[in-house]
Amino acid sequence: MDHPSNRSELTRRSLVRVGLGTAAVASASTVMAQGAPTSPPAKPGALTTAPTSQTGLSPRLTLHAIDNFHGTPAAGMVCDLAMLDGEGYKPLKIITTTATGRPADPVLVDDAFKTGHYELVMHFEEYFSKLGVKLPSPNFLSLVPIRFQIRDAGQRYHLPVLLTPWGYSYYRGS
């Protein structure tokens, strides 16, 4: 049997080694991917509509849950929103994301949008279990609290959350 280094293989490294640029590497990658056996589509559906522009809208808090494990919006993610009130967090509402990974309505808007400390508890384990992802028992992440502060109720706040069964990240988006 031939040693792998003796065979002529079309790989990114071999194309770069002979001086072909990024476009050639990308093109070769497409050709290589087309020759690979196809697998069944991921369980969550892909984003089918473009996000709506926020230009000209009143101050509000919006959320976007992105399932990095499947590479899709996190449709059907349940979240509990609470606001710090005195000694603890007071529940405000339960939110479920749509097919776009966003709630149907802003998380907070108009009179409900106030300065303060908030907690959004995301139900990771329930979400991934519903999709049939094989998780350990108990799962590493089950209920994930995200705490943030709204300092200026005259601004728009956007909370993108990228998630997998084992990790997550979030930031204040635009």
Would a distance-only check, ignoring hydrogens and angles, find a side-chain to backbone donor-acceptor pair under 3.5 Å from [X] to [Y]?
| X | Y | value |
| --- | --- | --- |
| Lys130 | Gly76 | yes |
| Thr97 | Ala74 | yes |
| Asn68 | Gly71 | no |
| Asp110 | Ala112 | no |
| Tyr157 | Asp152 | yes |

Heavy-atom side-chain contact between [X] and [Y] under 4.5 Å:
| X | Y | value |
| --- | --- | --- |
| Leu141 | Thr164 | no |
| Val121 | Tyr89 | no |
| Gln155 | Phe113 | no |
| Leu162 | Tyr171 | yes |

- Message: Check the orientation of Tyr170 and Tyr168. Use parallel for under 30°, tilted for 30 to 60°, and perpendicular for over 60°.
- Response: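 Parallel, since the angle between the ring planes stays under 30°.
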- Task: May I ask you to decide if the ring planes of His158 and His64 are parallel, tilted or perpendicular, using 30° and 60° as cut-offs?
- Result: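 His158 and His64: tilted rings.
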Contact summary for [X] and [Y], nearest pair of heavy atoms:
| X | Y | result |
| --- | --- | --- |
| Pro73 | Ala99 | CB-O, 3.5 Å |
| Pro160 | Gly173 | CD-N, 3.6 Å |
| Pro165 | Val133 | CG-CG1, 4.2 Å |
| Ile146 | Phe148 | O-CD2, 3.8 Å |
| Ala153 | Pro59 | O-CB, 3.2 Å |
| Phe140 | Pro136 | N-CG, 4.5 Å |

- Query: Any side-chain donor-acceptor pair under 3.5 Å between Thr62 and Arg60?
  - Reply: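 There is no such pair between these side chains.
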- Item | Greater than 12 external heavy atoms within 6.0 Å of Lys90's NZ |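 No, the 6.0 Å shell around NZ holds no more than 12 heavy atoms from other groups.
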- Message: Within the supplied structure, the quantity of interest is the number of heavy atoms (other residues, nucleotides, ligands) at a distance under 6.0 Å from Ile94 CD1; does it exceed 12?
- Response: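 For Ile94, atom CD1 is not crowded (no more than 12 foreign heavy atoms under 6.0 Å).
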- Message: To the closest 0.5 Å, what do you measure between NZ (Lys93) and SG (Cys79)?
- Response: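 One gets 11.0 Å once the value is rounded to the nearest 0.5 Å.
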- Task: Go through Met77 and Leu163 one step at a time and tell me if the side chain to side chain contact (heavy atoms under 4.5 Å, CB included) criterion holds.
- Result: CA-CA 11 Å; Met77 171 67 72; Leu163 54 113; 3.7 Å; yes
